[in-house]
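Here's the structure we're looking at; comments come further down.
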Amino acid sequence: MRTHVEALAGLTPTQRAALTARSDAKGLVHLAWHLGLIGLTGTGIALQVPGWWLLMLPHGVLLVFLFTLSHECTHDTPFRSRWLNTAVGHALAPVLVLPFTWFRYFHFAHHKHTNDPERDPEITGHGRPETWRDYLIYLSGWGYWTGGARTLWINAFGQVGAPYLPARKHPAIRREARLILALYAVAALSLLASPLLLWLWVVPMLLGQPVLRAYLLAEHGLCPPVADMLENSRTTRTGRMVRALAWNMPYHAEHHAYPAVPFHALPALHAHLAGDLKSVSDGYTGFTAAYLRHLRAS
């Protein structure tokens, strides 16, 4: 099997142009589909239709999987217009507790040092869960929520000092964090008048986070710390609905091999690279079962 560098070298200029062509229309249609489903479940909750509380889990899953869109916006790939990628990324930041300017450079560092335990900021200093206790804490989203709160506070009032954050961006990172915290203060005050935000955002986000955590663990979990993106990242074979929900990011090895390819072209890139993929799982249930076998009792 070829490495990702060798495999991509086999693409012709015409193939590269087709694979990297971005589209506002395709991005906006997919965004409308995703937001439409959120609007549908959210309306049921807001109107308290019979069994409305059962809608909070699917509503939460739809909300937390906006993370995959925010992730794509860091690459400027969901839409052709750069301003649209940036605007959507910033709009999602308070929803996800994920400041976009900070996240862009955090994610770039992840791509540069994928699965390197010493330099990949996704795992530096803590790694992925290796015991049942760590796994359950990870699934709860505790690390995500506390890490997000800590990042916002440090970015807003502390010293912005991570090595992957360029100094020229420190003022923008500080402004964004302060704006998000101000929005949260307004949101907290709104709860005094109505609990609607609690049922439409807070509780669903808590309920949906374990689903996202389990999904994200498959992207690099159990993959070796090597330079080949077709080995240090996993592609998970799954159904069309999951791929749509995650903006085609189950094709994750393909995404890491060629990050300039927009979500709608990843199936085509998969067709080019399928024979060279080294970390592949047949569904998220299969990956999770394999990961659980890897865990220690304590």
Side-chain angles (χ1 to χ4, degrees), residues 20 22-23 26-28 30-31 33-35 38 60-115 120-123 128 138 141 143-145 147-148 151-152 162 164-165 169 173 176 180 205 208-209 211-221 223 229 232-236 238 242-267 269-270 284:
T20 56
R22 305 173 192 190
S23 168
K26 290 180 180 179
L28 288 169
H30 201 85
L31 178 60
W33 171 85
H34 199 144
L35 294 182
I38 290 173
V61 170
L62 288 163
L63 283 175
V64 297
F65 269 84
L66 287 171
F67 171 85
T68 55
L69 171 57
S70 176
H71 153 266
E72 279 298 276
C73 287
T74 66
H75 294 286
D76 286 323
T77 52
F79 312 100
R80 183 176 181 179
S81 302
R82 186 181 181 89
W83 72 265
L84 191 52
N85 290 298
T86 301
V88 170
H90 282 298
L92 294 176
V95 176
L96 299 170
V97 195
L98 190 68
F100 182 66
T101 304
W102 170 87
F103 181 49
R104 184 191 294 273
Y105 292 99
F106 173 94
H107 189 64
F108 286 174
H110 163 64
H111 267 263
K112 184 176 181 180
H113 305 295
T114 304
N115 242 20
D120 183 347
E122 282 197 358
I123 55 175
R128 297 186 178 88
Y138 167 82
Y144 179 81
W145 299 123
T151 295
L152 278 174
Y164 49 80
L165 299 174
K169 291 294 182 179
I173 289 170
E176 182 178 31
I180 292 172
M205 289 286 286
Q209 193 61 220
V211 180
L212 179 64
R213 293 296 105 197
Y215 159 83
L216 290 175
L217 192 57
E219 292 183 342
H220 303 285
C223 293
M229 297 297 182
N232 66 26
S233 305
R234 172 176 285 98
T235 285
T236 304
T238 187
V242 176
R243 291 197 300 270
L245 176 66
W247 289 71
N248 273 336
M249 281 301 107
Y251 295 118
H252 207 64
E254 294 85 346
H255 165 70
H256 267 260
Y258 204 168
V261 174
F263 74 96
H264 54 81
L266 284 174
L269 179 60
H270 172 73
Y284 289 94

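Reckoned from all heavy atoms, side chains included, excluding hydrogens, waters and symmetry mates.
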Test item: [X] and [Y] side chains (from C-beta on) under 4.5 Å apart, heavy atoms:
X	Y	answer
Phe100	Leu92	no
Tyr215	Met249	yes
Tyr138	Arg128	no
Asn85	Thr77	no
Arg104	Thr86	yes
Thr114	Ser233	yes
Val261	His255	no
Trp102	Lys169	no

Derivation and outcome, side chain to side chain contact (heavy atoms under 4.5 Å, CB included), residues Leu98 and Tyr144: CA-CA 10 Å; Leu98 190 68; Tyr144 179 81; 4.1 Å; yes

Residues that Arg213 engages under salt bridge (charged side-chain N to carboxylate O under 4.0 Å, His left out), provided they are two or more places apart: none

All salt bridge (charged side-chain N to carboxylate O under 4.0 Å, His left out) counterparts of Asp120, not counting sequence neighbours: none

His71 and His252 aromatic ring geometry - parallel, tilted or perpendicular at 30°/60° bounds: tilted

Parallel, tilted or perpendicular: rings of His256 and His107 (30°, 60°): perpendicular

Side-chain ([X]) to main-chain ([Y]) donor-acceptor, under 3.5 angstrom:
X	Y	result
Glu176	Thr101	yes
Arg243	Pro250	no
Arg22	Asp76	yes
Ser23	Lys26	yes
Arg234	Gly221	yes

Residues which pass ring-ring contact (aromatic ring centres under 6.0 Å, His included) with Tyr105, listed by chain and number, not counting sequence neighbours: Phe108

Evaluation steps, side-chain hydrogen bond (donor to acceptor under 3.5 Å, both in side chains), between His30 and His34: CA-CA 6 Å; His30 201 85; His34 199 144; 5.5 Å; no

Donor on one side chain, acceptor on other, His270 and Thr235, under 3.5 Å: no

Shortest non-hydrogen separation from Pro267 to Tyr251 and the atoms involved: CG-CE1, 3.8 Å

Stepwise ring-ring contact (aromatic ring centres under 6.0 Å, His included) check, His220 with His110: CA-CA 11 Å; His220 303 285; His110 163 64; 4.8 Å; yes

